[in-house]
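To start, the structure under review is shown below, and the notes come after it.
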Amino acid sequence: RHLDHGGVAERCAEASNRGAAILSYLGEQVPLIYCLETEPQQGEEEQKVEQHLLYPLECFLFGEEPCVGLEKLQQYNSSSSAQQCGRVFKEGETVYTCRDCAIDPTCVLCIECFQKSVHKSHRYKMHASAGGGFCDCGDLEAWKSGPCCSQHDPGTSVTMETVQFIFSYRYMLVWEETYELSEELKPKVKEDAYFCVLYNDEHHSYDHVIYTLQRAIACDQNQAQIYTALIDKEGRKAVKRGTLRSCQQAKDNIRRNSEHIIQIPLRVEILHTAVMAHQTFALRLGAWFQKIIGYLVGLREVFCQVALEPAADNDQLCLISRLMLHDAKLYKGARKVVHELIFSSLLMDTEFKRQFAMKFTAHYKQLQEDFISDDHQRNISVTALSVQIFTVPTLARQLIEEGSVIKVIIDTVMDMMSAHLDSNNRFQFQGHNPDKFFRVQVIFHDLRYILISKPSVWTETLRVKFLEGLRVFLRFLCCMQGMEEVKRQLGQHVEVEPEWEAGFTLQMQLRHILTMFQDWCSSDERVLLLAFQECHRALMSCTNQPFRREPTDSYMCKQILHARLYKVSQEPVSIHLPISRLLAGLYVQLCQTGAIQYLPDFVDPLNFTELAEQPLRCVVLAAQVCADMWRRNGLSLVSQVSVTNSTFSLVKKRKITKNMKVEFELFDIFNGNSSSKDQVSERSFSKTDQYMLTEEMLYLIIIIVGERYVPGISHVTKEDVTMREVIHLLCIQPMAHSSLVKSLPENVRIVFLLCCVLCFIVSFLCCVCCVLFCQALLEEKTQLESSSTEEVTFDFSLKAQRGNGTDSNTEGLSRNASMTLRCLKSVVSAQSVQDKEKAERKRKAEAAKAHRQKIMAQMSAMQKNFIESNKMLYDNVPESSSQSDTAASVDSRVAVGPQQGVCSTDWEAQICILCQEEQEVQAQAPAMVLTACVQRSTVLTQNRGKTLSPKGSYPLFMPPDLAVGTHTGSCGHVMHATCWQKYFEAVQNTTRNRLHADLIIDLENGEYMCPLCKSLCNTVIPLIPVEPSNLLIDVVFLSFFLSFASYLHSIACSLFFSRSITEMLGVCATTVHRVGLQTAPNDLCPYMPVMSWNTCAYTIQAIENMLQEEGKPLFGSLQNRQLSGLKALVQFSAAQRLKSSQAVVQKHFADMLAVLVPVPNVENTPSILEVDFFHLLVGLVLSIPALYQEEAVDLQPSAVSTAYNHLYLLHLLTMTHMLQVLLASHGKHTHCQSPMAGVTGFCVEGVKRGVLPFLRCAALFFNCLTGVPPPEELSGTLHLLCSYLSLPSNLFQLFQDHRDVVTTLIKRYKSDAISHLVFRYPHKKNRLIDLPEDYSVLLNQASHFKCPNSSDDERKHPTLCLLCGVMLCAQSPCCQEQLNGEDVGACTAHAAICGAGVGMFLRVRECEIILMASKTRGSPYPAPYLDDYGETDPQLGRGNPLHLCPERYRKLFHMWQQHCVLEEIARSLELLNVMFPFEWQML
């Protein structure tokens, strides 16, 4: 801060005209800061404003240094009275209301006040604000109890002395769009520098404005998009700076180009740079002034006095009136500042709020006219302030008494709708303007706000003014009574259906207002009687009422009916009867309050037949429409009747049975004159019509006579009515709580009534269940005592049914519990279904066990036959030894090494799901394939956010953090390769013609849906038979043949696959390579086999991690589809060496082996701390057979060689991994010279825990590779795993057994293990982030979220990543990033890094999960938060308190862990049948 700025404040304070002095200073400084030719850097402009403009104003205001003045104000505030919070809500901000304590639903709290209030423990509701309101904390009239939070709890009152110089500030509020400035603000030298300013409107779309700017000012698309976004957010933007001529040319170009699509041109103005600068500073000054008056009540009071005091010139309005009347001329940004200033000042004090309300009511008509002619939304219009004024009960009554606000509102509507009156003074909305009509309807919200709280005490003035407003309202209803009459169309179908939406929408708007008028009238007996009198007089005055024609006599059923005949099928009829509805409602209120006894003193005796005539016509019209008699009138009438017919409940229940038969036109039926031979004309009714009309009439009689569930007509309460409705609805079908609420009539207390009713129904059903259950148990006990156990069968539902006649005391209770019995039956049947499923699973397990035993017996017999046929080979072998070895080999459950058991899990005969043909899986047979989906994954990552590229050691060496892997999953369904190819071609041909099919499947990347289960797939895995192990035969041959050449000659073979299998191997390998490395398909890439090995290893690790997380055993827990897919994947990966170049595979083997042992000519080998050893194990095991092959000869290693290769590789890798775990646990400073030196007991246990996941994965891998079944008792413990993998139970024994060889290697490992990022073993289990139990905590976090790339306070979409917990700014251009040269939203860019393209996000303010799979694909998913009724609340539509459901969140976690996100998205999009695609890349 510079001292000369304080001197400016002193000079202004000493000036004779302080306001002019301040304006002169601003006229010099403001143009030097704002709207310069070059854009300032971020923060530089704000710093200049603070130093050169706001600081001198603060010094002038406080008369001293601002810090000293603020300290004094804080002392005043510490003892001052509480004030309303007054926090102005932004659009989308979460607000709270208390169902128990709020006067009306518009009384809301901000999240900070709510968290500190007593309402947190009440029944509250939360929803997103539309913007424009403020927090009602501290408003005593807004709450029944707990009006203040702990922060705004009231104290003592202190008044600050008046600050006289505040009057000068009113001259700074310059909001009119003008090219001329006041003399004080005019620049000394006027430059020829202007701005061409483009304003926002609601007529032109984004794309249209972008197109116009590109054509008019020659800017690129990115710049045009930036301009358009700023115009939409702030309301205007200067798109060109230059001379007056150049700006005028740009203005003409913009207007001319914008008229091509829409006849309305864009609003463009030319402003001088000085004018633009002062208006920009005025916006900043408004926010600053709002902060200043928030320091103390006294400052706010002074501002309110200045704003409301009359002008010296009587012709001029006060300042606040001028601001309100100029609101429609302001742009969006200026409006927001003015509204927030009003919120923080005038609406914070009761007296000033009353004065402002009177001003608002006085200008109400003009404000609404300006709003209707404006094109901006209501939430940024000054008319939206009505909700803050009219909903205050005391203020609403004052406005009725002093301002006749009801009359003002109705007169405003009548003036705006007078153009739609016909010659009969009734509304006719043919050819109306929908946009204008919609804006007119908004005015009815203000009438609802006024009537939202009925008075408890009536004054005579209030009675007079209310009845005056009611009379005006009745005149409006007279224009609706009987409007838009329709007449039955005969002969030809109507060509053009009439407009009906406007009138029907208007009637639906008045539905709640009619009820509110009835509630007001019912609170005072005299008002109720006078209101009924006025309503009856208005009904009698309508020109189209039935009592206008003379009655006639009709003979029917030996009775003479004296009635006015009216044929609905031939004469005009209207469904719009608002006065009849109001009169019926008032009559019910008279019955309820007992004032009906005084009605003869106010109204002549009522003729109910005449009063019910018009409603009866509507009932007849509905019946005839149901009989399809009005089908030639089109669907518009059917739509109206189907909705309106449910609102006749009040007017149906009148004494109208006398002329009912006349109105239904059923003379012939009831007189017995109907004949089947009569010819049916267009005007007469067919037999079907007569039957349906008779049915409708009888139904109406039943309603009138029997159904009297209306408070006031019958002796029932609202609770009884609600209970009856709920029971009827639940008898039809099971319904959720939200569905029940929607199905019941809207009422302020309906939620409370529904809670009470549901509690009673639940307790009743519980009693019924207990009684029936006890009856059944008693009968069961009796049966057990009198019969044997074998003869007793316990059928609970049957016992419960027979319980109706067992005990006379419970007979009535059992009779009324039929619905409960049906529920019990469903539970019992469901339990029986579960029992059958368990029995079926048990049967399948026993069959599989028998099948394995059969195969083992066959193997044993084959080996015995071989021994018998080759006795000469066993002459020198002891008999006992031979038999024991044979038995051990047959029964061996070892998967690795020379003791390897026999393969017993080869493929069974498979059935194609497309052609249903069965085929054996053989190497030379046509290929059978499994559907599969390959995707990148970060489920196992230990370093989230890290990316991998083929430039380093990856993909040959997977880093130990498993940053990004390639997962391959399968649904387990088998097809012929040829059948799959035909199906895929058909999918490509049909899908291209579907709308937005690319959102569901990506044809270019080979995606398709499984024909059977509709899972998303992008490749197929060929089924390859497991190579049988002839280990026993090889041992015998080696013992007999001493010549190695003879041995090679005897076992040399070439394993060839059929052409189709070879082709499918290439298809699958190409997909794995393309998806894993995110590159174009390339069959010549040397990493083709490596990526197959990597996806095999990563998939096994993912499955082991899933089983470990769920606490399931390693074997026997996988589903058949998972087991089949894993087995096929391992065999496919093993076969890749046969399809790839042998030189490439041998080089990969040498490079991988160099990590473990020295290999000549291999350099830059990574350290043992830089590789994942299970990936290394899979790669080495699957590539070592390539060492036996040469270019000219294809040789296979013998079973003995393979067994020893696997055994020694596993030993070497296990020891090295143990050392890796030790080094990782001790860091790089471990200096033990021997493998066992310095290893404590704690280290031993740590090594065992660290190496266990590796051994579990190895067991799964060798089980699928060799087919040797594991021991039945294998549960994943270290001892049993070591036995299955032919490892010593004490793993450290390996170091002792291979001490001479390993010691040298350990020294090499330790010398290579220099500074690396060390990861602990076992790896941490990745889970979704922990969410709070109460959803309000998340909303509180979202309310404090600040966008890192934006400084404004506009509405944001805070979105929480469930994988890492980062809060992102979604759907906002401020956080867009470049991804592969394309602009994407923050969530899409984050998912590419955090989840390898897969994302799980929680949109906090919408309470909705978003699943993402790519830049163009995603789908919504229910959030794991439920209300007290077990339902989700998307978009916070109901606003009930939400709590975390652990089961749903666990299900979401399993979906992510099992790599089912893509599948869920595809299925969701398939069901949604998307018509208008969402731009997921912009999320």
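All values below were derived from every heavy atom in this structure, side-chain atoms included, with hydrogens, water molecules and symmetry-related copies excluded.
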Q. If we only count heavy atoms from C-beta on, is the Gln279 to Leu271 side-chain gap below 4.5 Å?
A. yes
Q: Specify the closest pair of heavy atoms between Ser1336 and Met126, including all atoms of both residues, with the distance to one decimal.
A: OG-SD, 4.5 Å
Q | Derivation of the side chain to side chain contact (heavy atoms under 4.5 Å, CB included) call for Thr361 and Val405 | A | CA-CA 7 Å; Thr361 305; Val405 65; 4.1 Å; yes
Q) Can you check whether Val382's main-chain N or O pairs, donor with acceptor, with Asp327's side chain at less than 3.5 Å? A) yes
Q.
For a 4.5 angstrom cut-off between non-hydrogen side-chain atoms, does Ile443 reach Met416?
A. yes
Q.
Side chains of Lys365 and Asp411, heavy atoms from C-beta outward: is any pair under 4.5 Å?
A. no
**Q.** Donor-acceptor contact below 3.5 Å, side chain Arg267 vs main chain Asp201
**A.** no
Q) For the atom pair NE2 (His119) and SG (Cys113), what is the distance rounded to the nearest 0.5 Å? A) 10.0 Å
Q: Could you tell me whether the side chain of Leu53 reaches within less than 4.5 Å of the side chain of Leu285, counting heavy atoms only?
A: no
Q.
What's the separation between atom CD in Gln388 and atom OG1 in Thr391, rounded to the nearest 0.5 Å?
A. 6.5 Å
Q.
Working to the nearest 0.5 angstrom, can you tell me the gap between Leu346 CG and Leu385 CG?
A. 10.0 Å
Q.
To the nearest 0.5 Å, what is the distance between CG on Leu325 and CD1 on Ile320?
A. 10.5 Å
**Q.** Steps toward side chain to side chain contact (heavy atoms under 4.5 Å, CB included) verdict (Ile103, Ser453)
**A.** CA-CA 8 Å; Ile103 295 296; Ser453 297; 3.5 Å; yes
(Q) I'd like to check Tyr96 versus Ser117 (side-chain heavy atoms, cut-off strictly below 4.5 Å). Are they in contact? (A) no
**Q.** Non-hydrogen atoms of Ser345 and Phe303 that approach each other most closely
**A.** OG-CE2, 3.3 Å
(Q) Would Thr97 and Asp136 count as a side chain to side chain contact (heavy atoms under 4.5 Å, CB included) here? Give the steps. (A) CA-CA 10 Å; Thr97 184; Asp136 291 310; over 6 Å; no
Q. Would Tyr34 and Glu45 count as a side chain to side chain contact (heavy atoms under 4.5 Å, CB included) if you check the C-alpha gap in whole Å, the side-chain angles of each, and the deciding distance to 0.1 Å?
A. CA-CA 8 Å; Tyr34 286 101; Glu45 184 180 89; 3.6 Å; yes
Q | Reported CG-to-CZ distance for the pair Leu395 and Arg354, which is rounded to 0.5 angstrom | A | 8.5 Å
Q: Check the surroundings of atom NZ in Lys359: do more than 12 heavy atoms from other residues, nucleotides or ligands lie under 6.0 Å from it?
A: no
Q: Output all residues satisfying ring-ring contact (aromatic ring centres under 6.0 Å, His included) with His363, sequence neighbours left out; order by chain, then residue number.
A: none
Q. Are the ring centres of Phe390 and Tyr449 closer than 6.0 Å?
A. no
Q: Output all residues satisfying salt bridge (charged side-chain N to carboxylate O under 4.0 Å, His left out) with Lys436, sequence neighbours left out; order by chain, then residue number.
A: none
Q | Closest non-hydrogen atom pair, Leu230 against Lys237 | A | CD1-CE, 4.0 Å
Q) Can you tell me if His326 uses its side chain to pair, donor with acceptor, with the backbone of Arg322 under 3.5 Å? A) yes
Q: Look at the aromatic rings of Phe360 and Phe356 and report parallel, tilted or perpendicular, splitting at 30° and 60°.
A: tilted
Q. Looking at residues at least two apart in the chain, or sitting in another chain, which of them share a salt bridge (charged side-chain N to carboxylate O under 4.0 Å, His left out) with Asp370?
A. none
Q | Qualifying residues under side chain to side chain contact (heavy atoms under 4.5 Å, CB included), relative to Thr273, sequence neighbours excluded | A | Ala193, Phe195, Arg241
Q: Determine the interplanar angle of the His272 and Tyr194 rings, folded into 0 to 90°, and report it as parallel if under 30°, tilted if 30 to 60°, perpendicular if over 60°.
A: perpendicular
Q) Between Ile389 and Ala357, what is the shortest heavy-atom contact and its length? A) CG2-CB, 3.2 Å
Q.
Which residues pass the side chain to side chain donor-acceptor pair (under 3.5 Å) test with Gln355, not counting sequence neighbours?
A. Glu351
Q | Any residue meeting ring-ring contact (aromatic ring centres under 6.0 Å, His included) with Phe444, in chain and number order, not counting sequence neighbours | A | Phe476
**Q.** With Glu46 via side chain to side chain donor-acceptor pair (under 3.5 Å) - residues at least two apart
**A.** Arg284
(Q) Looking at Thr383, is its backbone amide N or carbonyl O close enough to the side chain of Arg378 to form a donor-acceptor pair, meaning the two atoms are under 3.5 Å apart? (A) yes
Q: Would you indicate whether the side-chain heavy atoms of Phe89 and Val108 approach each other to under 4.5 Å?
A: yes
**Q.** Min side-chain heavy-atom separation Asn200-His376 under 4.5 Å
**A.** yes
Q | Minimum heavy-atom distance Gly286-Leu341, with the two atoms named | A | O-CD1, 4.1 Å
Q) Once you round to the nearest 0.5 Å, how far does CD of Gln305 lie from CZ of Arg300? A) 12.0 Å
Q: Could you tell me which residues satisfy side chain to side chain donor-acceptor pair (under 3.5 Å) with Ser404, sequence neighbours excluded, listed by chain and number?
A: Lys465
Q: State whether Glu44 and Lys48 are salt-bridged, where the test is any N-O pair (Lys NZ or Arg NE/NH1/NH2 against Asp/Glu carboxylate O) under 4.0 Å.
A: yes
(Q) Between Lys116 and Glu112, is the salt bridge (Lys or Arg N to Asp or Glu O under 4.0 Å) condition met? List the steps. (A) CA-CA 7 Å; Lys116 301 175 182 178; Glu112 286 80 5; over 6 Å; no
Q: Could you list the residues that satisfy side chain to side chain contact (heavy atoms under 4.5 Å, CB included) with Ala396, not counting sequence neighbours?
A: Ile450
Q | Side chain proximity check, His1357 to Arg1405, heavy atoms < 4.5 angstrom | A | no
Q.
Going by the rule ring-ring contact (aromatic ring centres under 6.0 Å, His included), which residues pair with Phe343 if we only count those two or more places apart in sequence or in a different chain?
A. Phe134
Q. Is Arg236 salt-bridged to Glu234, cutoff N-O under 4.0 Å?
A. no
Q.
Check whether Trp143 reaches the backbone of Cys98 with its side chain - one donor and one acceptor, N or O, closer than 3.5 Å.
A. no
Q) Residues two or more places apart in sequence or in another chain: which of them pass side chain to side chain donor-acceptor pair (under 3.5 Å) with Asp232? A) Tyr206
Q. His339: what forms a ring-ring contact (aromatic ring centres under 6.0 Å, His included) with it, not counting sequence neighbours?
A. none
Q | Contact summary for Tyr25 and His52, nearest pair of heavy atoms | A | OH-O, 2.6 Å
